[in-house]
Structure formats: C-alpha cells, structure tokens
Student: 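If you scroll down you'll find the structure; I have some questions about it.
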Amino acid sequence: MDSSKQFLIGLEASPPPNHVWQEYAGYSIYSAEQDPSLWSQHSHGCTQICIASSPAYIRAEWEADSGQHSTKEMNGDMVSVVPPGVQHTIHWNRRAPLLHIYLNDQFFDSMLENVP
C-alpha cells in the first residue's frame, strides 16, 4: 500500500472534519463519526476491515470472482472484510461511528514471521 489515504479512494465527499487518519508500518487506520456518504466503485491494494457501530446503515455492492454482482444491506453493529482488488461500492446512509483498518502485505508478512 502506498502512502496515499486509502479511505479517500472512491469517497465522493470530503471526510468529516473530526476524522482521524493514521499510518503505521504495515497498516493504516481511518476513524470518524461518518456522515451519509458514497464511496463509488473502487478497490484497494490491501485488505480493508470496516467496523461500523449502531446506528450505521449501509448498502454494499461488489463483484464476486465469478463476475456476479452482489448487494447486501446492513445496519447496526457490523464488521466487513474486503480483500485486495475487489471492486466495491459503499452507500453510507446514516451518520454513525466508522473504523476502517487497512492491512498490507508487510503487515501479514510480519505476522507470519512470528508463527512457530
């Protein structure tokens, strides 16, 4: 993952003024009280973990390996994992706490080094 802010990829509006973006060796974190927003179709070069808290309400759209288009609506407390390279769109429909964690290959490589 390069040093660009991964959460901005696809985001159609500016992030909320109270957002936090922090980069570390192997991973990055975005946190905000996220306003209703759209992340238009995009993908990341890393694994994205999204943790949303109530009263979150989102609609996720993605393309499966088979090329089939899928949609899922979720609300309340939730966790989703998006693998690298998966095209997806997120409709964030209600203001709610959001945490994105972006894990790159360096993170996974360092974890494997410590496995017995």
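Treat the numbers as computed from the prediction; the structure is a model and nothing was measured.
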Student: Between CD of Gln6 and CD of Gln48, what distance do you get to the nearest 0.5 Å?
Tutor: 8.5 Å
Student: Using the test salt bridge (Lys or Arg N to Asp or Glu O under 4.0 Å), find all partners of Arg94 that sit at least two apart in sequence or belong to another chain.
Tutor: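 Arg94 satisfies salt bridge (Lys or Arg N to Asp or Glu O under 4.0 Å) with no other residue.
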Student: Please determine whether side-chain contact (heavy atoms from CB on, under 4.5 Å) holds for the pair Leu103 and Cys46, giving the CA-CA distance in whole Å, both sets of side-chain angles, and the decisive distance to 0.1 Å.
Tutor: CA-CA 6 Å; Leu103 307 173; Cys46 58; 5.9 Å; no
Student: Could you measure the distance from the NE2 atom of His100 to the OG atom of Ser28? Nearest 0.5 Å is fine.
Tutor: 12.5 Å
Student: To the nearest 0.5 Å, what is the distance between SG on Cys50 and CG on Leu99?
Tutor: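 Nearest 0.5 Å value for the SG-CG distance: 8.0 Å.
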Student: Please tell me whether Phe107 and Val79 are part of a single hydrophobic cluster in this structure, the criterion being side-chain heavy atoms less than 4.5 Å apart.
Tutor: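 In one cluster: yes.
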Student: Please name all residues satisfying side chain to side chain donor-acceptor pair (under 3.5 Å) with Asp35, sequence neighbours left out, ordered by chain then number.
Tutor: Arg95
Student: Rounded to the nearest 0.5 Å, how far does OG1 of Thr89 lie from CZ of Arg59?
Tutor: 9.0 Å
Student: Would you say Ile49 ends up clustered with Val82 if hydrophobic residues are merged whenever their side chains have heavy atoms under 4.5 Å apart, either directly or through other cluster members?
Tutor: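 Hydrophobic grouping puts Val82 apart from Ile49.
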Student: Would you give the length of the straight line joining atom CE of Met74 to atom OG of Ser80, rounded to the nearest 0.5 angstrom?
Tutor: 5.5 Å
Student: Does a sphere of radius 6.0 Å around CD in Gln68 hold more than 12 heavy atoms from other residues, nucleotides or ligands, not counting ones at 6.0 Å or beyond?
Tutor: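 No, not enclosed.
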Student: Please name all residues satisfying side chain to side chain donor-acceptor pair (under 3.5 Å) with Ser37, sequence neighbours left out, ordered by chain then number.
Tutor: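 Counting only residues at least two positions away or on another chain, Ser37 forms a side chain to side chain donor-acceptor pair (under 3.5 Å) with Gln34.
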Student: Taking Trp39 for the side chain and Phe7 for the main chain, is one N or O donor matched with an acceptor at less than 3.5 Å?
Tutor: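 Answer holds: yes.
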Student: Report the residues that fulfil salt bridge (Lys or Arg N to Asp or Glu O under 4.0 Å) with Glu33, sequence neighbours left out, ordered by chain and then residue number.
Tutor: none
Student: Are Leu8 and Tyr102 linked, directly or through other ILVMFWY residues, by side chains that come within less than 4.5 angstrom of each other?
Tutor: yes
Student: Please collect all side-chain hydrogen bond (donor to acceptor under 3.5 Å, both in side chains) contacts where either partner lies in residues 7-18, sequence neighbours excluded, each pair once.
Tutor: Glu12-Ser40
Student: How far apart are the closest heavy atoms of Ala60 and Ile90, and which atoms are they?
Tutor: CB-CD1, 3.7 Å
Student: Would a single hydrophobic cluster contain both Leu38 and Trp92, if residues Ile, Leu, Val, Met, Phe, Trp and Tyr are joined by side-chain heavy-atom contacts under 4.5 Å?
Tutor: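 Each belongs to a different hydrophobic cluster.
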Student: Do side-chain atoms of Ser54 reach the backbone of Gly76 as a donor and acceptor pair under 3.5 angstrom?
Tutor: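 Absent.
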Student: So which atom in Pro84 and which in Thr47 form the shortest heavy-atom distance, rounded to 0.1 Å?
Tutor: CD-OG1, 3.5 Å
Student: Between Pro16 and Ala32, what is the shortest heavy-atom contact and its length?
Tutor: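 In terms of heavy atoms, the two residues are closest at CG-CB, 3.8 Å.
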Student: Shared ILVMFWY cluster between Val86 and Ile9, side chains joined below 4.5 angstrom?
Tutor: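 Not linked; separate clusters.
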Student: Tell me which pairs pass ring pair (Phe, Tyr, Trp, His ring centres under 6.0 Å) where either residue lies in residues 54-91, with sequence neighbours left out.
Tutor: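 Checked against ring pair (Phe, Tyr, Trp, His ring centres under 6.0 Å) - neighbours excluded - the pairs reaching residues 54-91 are His42-His88, His44-His88.
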